[in-house]
Visitor: 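Got a structure for you, written out below as structure tokens; questions coming shortly.
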Amino acid sequence: MTNIDKHPAGSFCWIELGTTDQTVAKNFYGSIFGWTPNDNPMGPGEVYTIFKLEGRDAAAGYTLRADQVAQHVPPHWMLYIMVDNVDASAAKVPQLGGKVIVAPFDVMDAGRMAVIADPAGAYFCLWQANRSTGTQIAQVHGTLCWADLSTPDPERAKAFYSGLFGWQLMVGEKDTSGYLHIKNGEHFIGGVPPAAHRQPGVPPHWLAYFQVDDVDATANKAKEMGAKLFLPPMSMEGVGRMSVIADPQGAVFAIFKSAR
């Protein structure tokens, strides 16, 4: 286990579920990841659930608002990326070809955030920490460990994200697949699969990966609880074993166990 007290700029610092059934989601993720829900009042009839692992913040969830449902926003996992200054980062987004969907605003005393779409339309949030630094635990079952960007234009994504966060997007030394590895500072944090491998008709998106102790057991448990396996458990030689899952409401995520 690794306790996290601070996330460096450019790192994935928070993961948040927007769902149509918060009660079912709490039961589902509690069962497969061991998360304990901690509900916080957010407004009339609304609660923001902080999912905890070993007493530390691991993720969050909320019920999609009526206006989001009316705009056909599906249940989804949203990634947050740490920045030193949300306003300055958001100001760079249009210059780099992206869109600011929700302008910077304060989340009480927790921090300041903005919702962004990259040039292809993949969504993510910027986060400037105040009281809330983001996820507080890593490297155990049920924690965020990686993220892949599905995009039809990896080169444009490379220019956008390196310009916004200083990321390096590079091909692995012995990797001939065309997969781009995302490096933030000294750490590899995610990747961009080749555009040729994209499923037709699926919009550009970020896919979050959660570390698990046993991919097959976790995938089977998820399926028993009403999830769909978009990608049944499979192994990549020298990398690890993984599966891509849609929870009972349709929010998609991946699970992973490293070969190391």
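The residues of the chain are indexed from 1 along the displayed sequence. Only heavy atoms go into these numbers, but all of them, side chains included; no hydrogens, no water, no symmetry mates.
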Visitor: Is it the case that Thr20 and Gln249 place a side-chain donor and acceptor less than 3.5 Å from each other?
Guide: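 No, no side-chain donor-acceptor contact under 3.5 Å.
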
Visitor: Kindly write out the residues that satisfy ring pair (Phe, Tyr, Trp, His ring centres under 6.0 Å) with Phe230, not counting sequence neighbours, or none if the list is empty.
Guide: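 For Phe230, no residue satisfies ring pair (Phe, Tyr, Trp, His ring centres under 6.0 Å) once neighbours in sequence are set aside.
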
Visitor: Tell me, please, which residues at least two apart from Lys158 pass side-chain hydrogen bond (donor to acceptor under 3.5 Å, both in side chains).
Guide: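 In terms of side-chain hydrogen bond (donor to acceptor under 3.5 Å, both in side chains), with neighbours along the sequence ignored, Lys158 is linked to no residue.
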
Visitor: Taking the six-membered ring for Trp and the single ring otherwise, decide whether the centroids of Trp77 and Tyr29 are under 6.0 Å apart.
Guide: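 Yes, ring centres under 6.0 Å apart.
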
Visitor: Tell me every residue that passes side-chain hydrogen bond (donor to acceptor under 3.5 Å, both in side chains) with Glu16, counting only those two or more places apart in sequence or in another chain.
Guide: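 Scan of Glu16 (side-chain hydrogen bond (donor to acceptor under 3.5 Å, both in side chains), adjacent residues dropped) gives Tyr48, Tyr80.
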
Visitor: Identify the residue among Asp39, Asp247, Asp21 that makes a salt bridge (Lys or Arg N to Asp or Glu O under 4.0 Å) with Lys26.
Guide: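 It is Asp39, the one option of Asp39, Asp247, Asp21 that forms the salt bridge (Lys or Arg N to Asp or Glu O under 4.0 Å) with Lys26.
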
Visitor: Please list all pairs passing the side-chain hydrogen bond (donor to acceptor under 3.5 Å, both in side chains) test where one or both residues lie in residues 89-106, with sequence neighbours left out.
Guide: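 Passing the test, one end in residues 89-106: Asp106-Arg112.
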
Visitor: I would like to know whether Lys221 and Asp216 meet salt bridge (Lys or Arg N to Asp or Glu O under 4.0 Å); could you show each step before the answer?
Guide: CA-CA 9 Å; Lys221 178 76 170 176; Asp216 296 74; over 6 Å; no

Visitor: Considering only heavy atoms from C-beta outward, does the side chain of Ser243 approach that of Pro233 to under 4.5 Å?
Guide: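 Yes - at least one pair of side-chain heavy atoms lies under 4.5 Å apart.
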
Visitor: Any idea which heavy atoms bring Met234 and Met236 closest together, and the distance?
Guide: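 Reported closest heavy-atom pair: CE-CG, 3.6 Å.
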
Visitor: For side-chain contact (heavy atoms from CB on, under 4.5 Å), just list the numbers for Tyr209 and Phe253, CA-CA rounded to whole Å, side-chain angles, deciding distance to a tenth of an Å, and then say yes or no.
Guide: CA-CA 6 Å; Tyr209 286 68; Phe253 62 98; over 6 Å; no

Visitor: Look up atom CD in Gln211 and atom CD in Gln139, then write down how far apart they are to the nearest 0.5 Å.
Guide: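 If we round to the nearest 0.5 Å, Gln211:CD and Gln139:CD are 6.5 Å apart.
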
Visitor: Find out whether His141 and Leu53 are in side-chain contact, i.e. whether some heavy atom of one side chain is under 4.5 Å from a heavy atom of the other.
Guide: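 Of all side-chain heavy-atom pairs linking Leu53 with His141, none is under 4.5 Å.
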
Visitor: Between Asp148 and Tyr179, is any pair of side-chain heavy atoms under 4.5 Å apart?
Guide: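 Yes - at least one pair of side-chain heavy atoms lies under 4.5 Å apart.
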
Visitor: Consider only side-chain N and O atoms of Asp118 and Tyr123, and report whether a donor and an acceptor are under 3.5 Å apart.
Guide: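 There is no such pair (donor and acceptor under 3.5 Å, judged by atom type) between the side chains of Asp118 and Tyr123.
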
Visitor: Within this structure, what is the CD1-CD1 distance for the pair Ile32 and Ile245, rounded to the nearest 0.5 Å?
Guide: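 Spacing of CD1 (Ile32) from CD1 (Ile245) equals 6.0 Å.
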
Visitor: Got a second to check how far Phe33's CZ is from Thr36's OG1, nearest 0.5 Å?
Guide: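 So the gap between those two atoms works out to 14.0 Å.
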
Visitor: Nearest 0.5 Å please: distance from the OG1 atom of Thr135 over to the CG atom of Asn3.
Guide: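 Those atoms lie 11.0 Å apart.
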
Visitor: Quick one: side-chain hydrogen bond (donor to acceptor under 3.5 Å, both in side chains) partners of Asp57, sequence neighbours excluded?
Guide: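 Once residues adjacent in sequence are excluded, the partners of Asp57 under the side-chain hydrogen bond (donor to acceptor under 3.5 Å, both in side chains) criterion are Lys52.
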
Visitor: Indicate the atoms forming the closest heavy-atom contact of Thr151 with Val192, along with that distance.
Guide: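 Result for this residue pair: CG2-CG1, 3.8 Å.
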
Visitor: Once rounded to the nearest 0.5 Å, what's the spacing between atom NZ of Lys257 and atom CD1 of Ile255?
Guide: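 Atom-to-atom, Lys257:NZ and Ile255:CD1 are 11.5 Å apart.
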
Visitor: Kindly write out the residues that satisfy ring pair (Phe, Tyr, Trp, His ring centres under 6.0 Å) with Phe51, not counting sequence neighbours, or none if the list is empty.
Guide: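 Residues passing ring pair (Phe, Tyr, Trp, His ring centres under 6.0 Å) with Phe51: Trp35.
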
Visitor: What is the minimum heavy-atom distance between Phe256 and Met242, and which atoms define it?
Guide: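 Closest pair (atom of Phe256, atom of Met242, distance): CD1-CB, 4.1 Å.
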
Visitor: Going from CG on Leu207 to OG on Ser150, what distance comes out if it is rounded to the nearest 0.5 angstrom?
Guide: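 If I round to the nearest 0.5 Å, the distance is 8.5 Å.
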
Visitor: Compare every heavy atom of Ser177 with every heavy atom of Pro194, then report the nearest pair and how far apart it is.
Guide: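 In this case the closest contact between Pro194 and Ser177 is CG-O, 3.1 Å.
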
Visitor: Please state whether the rings of Trp167 and Tyr161 are parallel, tilted or perpendicular, taking 30° and 60° as the class boundaries.
Guide: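 Ring orientation of Trp167 relative to Tyr161: parallel.
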
Visitor: Is there a donor-acceptor contact under 3.5 Å linking the side chains of Thr19 and His76?
Guide: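 No.
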
Visitor: Are Trp206 and Phe12 near enough that their ring centres are under 6.0 Å apart?
Guide: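 Distance test on ring centres: under 6.0 Å, yes.
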
Visitor: Is any side-chain heavy atom of Gln128 closer than 4.5 Å to a side-chain heavy atom of Met113?
Guide: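 With C-beta onward as the side chain, the pair stays apart.
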
Visitor: Determine the minimum heavy-atom distance between Phe210 and Cys145, stating which atoms define it.
Guide: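 Where Phe210 meets Cys145 most closely, the heavy atoms are C-SG, 3.8 Å.
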
Visitor: Quiz question: by atom type and distance under 3.5 Å, do the side chains of Gln22 and Thr49 form a donor-acceptor pair?
Guide: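 Their side chains do contain a donor-acceptor pair, which is all the 3.5 Å distance test asks for.
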
Visitor: Is any side-chain heavy atom of Val115 closer than 4.5 Å to one of Met78?
Guide: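 A side-chain contact exists here, since the closest heavy-atom pair is under 4.5 Å.
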
Visitor: Could you report the tightest heavy-atom contact between Leu96 and Ala159, atom names first, then the distance?
Guide: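 Taking Leu96 first and Ala159 second, the nearest heavy atoms are CD2-O, 4.4 Å.
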
